Participant: 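The structure under discussion is supplied below as structure tokens; questions concerning it will follow.
This structure is a prediction, so every number in the text was calculated from the model and none was measured. Values below: all heavy atoms of this structure, side chains included; hydrogens, waters and symmetry mates excluded. Residue numbers start from 1 in every chain, and the chains themselves are labelled A, B, ... in the order their sequence lines are given, proteins ahead of strands.
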There are 2 protein chains.
Amino acid sequence: MIFSRAAEYAIQAMLYLAKWHETHPEERYLQTREIAEAQEIPYYFLAKIVQDLTRFELLTSAKGPQGGIALARSPEEIRILDIIAAVDSTQYLSRCVIGYPECTPETPCPLHYDWQKIKTQIFHIIEHVTLADLIKDAQFQNGRLVAPLTFGVVSVELGESSGKS
Amino acid sequence: MIFSRAAEYAIQAMLYLAKWHETHPEERYLQTREIAEAQEIPYYFLAKIVQDLTRFELLTSAKGPQGGIALARSPEEIRILDIIAAVDSTQYLSRCVIGYPECTPETPCPLHYDWQKIKTQIFHIIEHVTLADLIKDAQFQNGRLVAPLTFGVVSVELGESSGKS
DNA sequence: CAATTTTCGGACAAATTTATCATAAACCGT
DNA sequence: ACGGTTTATGATAAATTTGTCCGAAAATTG
Ligand code: SF4
Ligand code: SF4
């Protein structure tokens with residue numbers, strides 16, 4: 001939800017890369033395949049996404065042995081928004097909840113006010129939060145990137161639904 | 001985003017219906033086609049959605065002349081959540097931003113905390129806001145349902161993006 | 001230079017979502 | 001009972017997203 005699968009994978013990969021950079025400052029490139037396997041992302045799909053990210057100059061890539069991908073800038077300078085913008089063509093956050101077509105100030109929908117607050121928050125996060133912020137408390141666990149927070153997850157299920165015969 | 005097209009249409013239609021009920025208490029049924037045309041929703045698609053909504057007993061329908069659809073309960077008793085649950089099979093709000101597979105309290109992702117707050121807010125809205133709340137300030141304008149708020153819209157565009165060659 | 005490794009790029013396949021169509025079934029007034 | 005109107009339903013098509021494959025290009029190593 002909110003982000004496409006592609007965007008999710010992109011963020012995961014960038015995060016993985018950022019953390020790995022931090023812990024292995026000596027090595028330059030990490031291979032796409034390694035990330036895909038560690039995070040259980042379909043390799044070929046991730047490879048495609050990586051291409052987009054390099055095209056947008058968020059990653060640099062090198063072919064051949066010892067090649068791979070690396071962050072093009074420091075983690076402090078890469079925001080979630082940058083990643084989303086590179087991967088997802090569709091414009092998130094502009095189109096809204098109930099999708100009224102003409103979303104001008106003259107004809108806002110009844111949900112407008114509440115939703116605008118949420119949109120603003122979401123945008124605030126993706127606009128300001130950088131990879132550096134995110135990897136701060138994160139750590140590898142069995143090769144997988146994970147954070148040591150312990151807040152408990154919402155996991156709202158909406159009931160069984162799916163009464164599609 | 002967040003909701004599927006189908007869910008958006010469902011909410012729009014229910015809203016339209018609720019407002020219409022209010023302004024035309026004498027008439028029982030409104031036709032699906034009329035709503036589709038007023039809100040510019042593909043008729044056949046909306047018809048499908050309406051079927052789901054009646055199956056979940058949010059709408060009652062009547063065939064034949066003077067037939068159509070009507071809210072099955074009063075607008076106060078229909079929450080956005082009910083509509084979403086009827087239309088969207090997938091569970092929103094549980095899966096999250098960057099889609100880490102195992103979202104347990106032991107291995108939450110680095111974005112967890114911020115995102116949980118947002119998820120909670122979204123859930124709070126769809127769980128508590130009813131059609132009655134939404135139609136309060138809404139009104140028809142050229143047959144179209146619209147609200148008289150004037151807050152200005154965020155409309156975050158994320159730059160051109162779409163550099164998909 | 002040849003072999004190997006890795007990204008790149010286009011094409012393709014599967015799955016899902018969105019949209020359309022045709023026909024059946026129900027209802028109503030006459 | 002009949003004809004017209006309107007929803008219900010199942011089949012299908014288009015579009016989008018997701019996932020896969022393969023050959024080419026580039027770089028490294030020997
Ligand atoms: S008026 Fe606001 S809440 Fe309504 S559709 Fe537009 S942006 Fe979304
Ligand atoms: S830990 Fe929280 S933010 Fe991260 S994927 Fe899970 S629910 Fe989403």
Participant: Please report the interatomic distance CD1(A:Ile69) to CD1(A:Ile35), rounded to the nearest 0.5 Å.
Facilitator: 4.0 Å
Participant: Tell me, please, which residues at least two apart from A:Glu57 pass side chain to side chain contact (heavy atoms under 4.5 Å, CB included).
Facilitator: none
Participant: State whether A:Gln51 places a side-chain N or O below 4.0 Å from either non-bridging phosphate oxygen (OP1 or OP2) of C:dC8.
Facilitator: no
Participant: Please set out all donor-acceptor pairs under 3.5 angstrom arising from side-chain atoms of residues 42-50 of chain A, sequence neighbours excluded.
Facilitator:
none

Participant: Quick test of your reading: applying side chain to side chain donor-acceptor pair (under 3.5 Å), list the pairs with at least one residue in residues 58-69 of chain A, sequence neighbours left out, ordered by first then second residue.
Facilitator: none
Participant: Checking contacts here: which listed nucleotide (D:dT18, D:dA8, D:dC21) is nearest the side-chain heavy atoms of A:Ala6?
Facilitator: D:dT18
Participant: Specify the separation, in whole Å, of atom CG of B:Leu17 and atom P of D:dT7.
Facilitator: 12 Å
Participant: Can you name the nearest heavy-atom pair linking A:Ala7 to A:Ile84, along with the distance?
Facilitator: CB-CD1, 4.0 Å
Participant: Take the protein atom OH of A:Tyr43 and the nucleotide atom P of D:dC22, then report the distance between them rounded to whole Å.
Facilitator: 13 Å
Participant: Would you mind reading off the distance between B:Leu46 atom CG and C:dA19 atom P, rounded to a whole angstrom?
Facilitator: 11 Å
Participant: Closer to the 5' end of DNA chain D via nearest nucleotide, is it B:Gly68 or A:Lys48?
Facilitator: B:Gly68
Participant: Starting from P on C:dT5, measure out to CZ on A:Arg28 and report it in whole angstrom.
Facilitator: 22 Å
Participant: Counting any heavy atom closer than 4.0 Å, what does A:Tyr29 reach on the DNA or RNA strands: base, sugar-phosphate only, or nothing?
Facilitator: nothing
Participant: Would you say a side-chain N or O of A:Arg55 is under 4.0 Å from OP1 or OP2 of C:dG9?
Facilitator: yes
Participant: Quick one: is C:dT6 close enough that its OP1 or OP2 comes under 4.0 Å of any side-chain N or O from A:Ser61?
Facilitator: no
Participant: How long is the line joining CG of B:Leu59 and C1' of D:dA8, in whole Å?
Facilitator: 14 Å
Participant: For every nucleotide of nucleotides 22-30 of chain C, 5' to 3': is a protein heavy atom under 4.0 Å from its base (B), only from its sugar-phosphate (S), or from neither (-)?
Facilitator: ----BBS--
Participant: Could you state the CD-P distance from A:Glu8 to D:dT17, rounded to the nearest angstrom?
Facilitator: 14 Å
Participant: Between B:Ile49 (CD1) and C:dT20 (P), how many Å, whole number?
Facilitator: 12 Å
Participant: Quick check on C:dA19: is either OP1 or OP2 less than 4.0 Å from any side-chain nitrogen or oxygen of B:Tyr9?
Facilitator: yes
Participant: Identify, with sequence neighbours excluded, every residue that meets salt bridge (Lys or Arg N to Asp or Glu O under 4.0 Å) alongside B:Arg28.
Facilitator: none
Participant: Show me the donor-acceptor pairs within less than 3.5 Å that the side chains of residues 74-83 of chain B make with the rest of the protein, sequence neighbours left out.
Facilitator:
{"from": "B:Ser74", "atom 1": "OG", "to": "B:Glu76", "atom 2": "OE1", "distance (Å)": "3.1"}
{"from": "B:Ser74", "atom 1": "OG", "to": "B:Glu77", "atom 2": "OE1", "distance (Å)": "3.1"}
{"from": "B:Arg79", "atom 1": "NE", "to": "B:Asp82", "atom 2": "OD1", "distance (Å)": "3.4"}
{"from": "B:Arg79", "atom 1": "NE", "to": "B:Asp82", "atom 2": "OD2", "distance (Å)": "3.3"}
{"from": "B:Arg79", "atom 1": "NH2", "to": "B:Asp82", "atom 2": "OD1", "distance (Å)": "2.9"}
{"from": "B:Asp82", "atom 1": "OD2", "to": "B:Arg79", "atom 2": "N", "distance (Å)": "2.8"}

Participant: Please tell me if A:Arg5 has a side-chain N or O lying less than 4.0 Å from either OP1 or OP2 of D:dG19.
Facilitator: yes
Participant: What is the distance from CZ of B:Phe45 to C1' of D:dA8, rounded to the nearest Å?
Facilitator: 17 Å
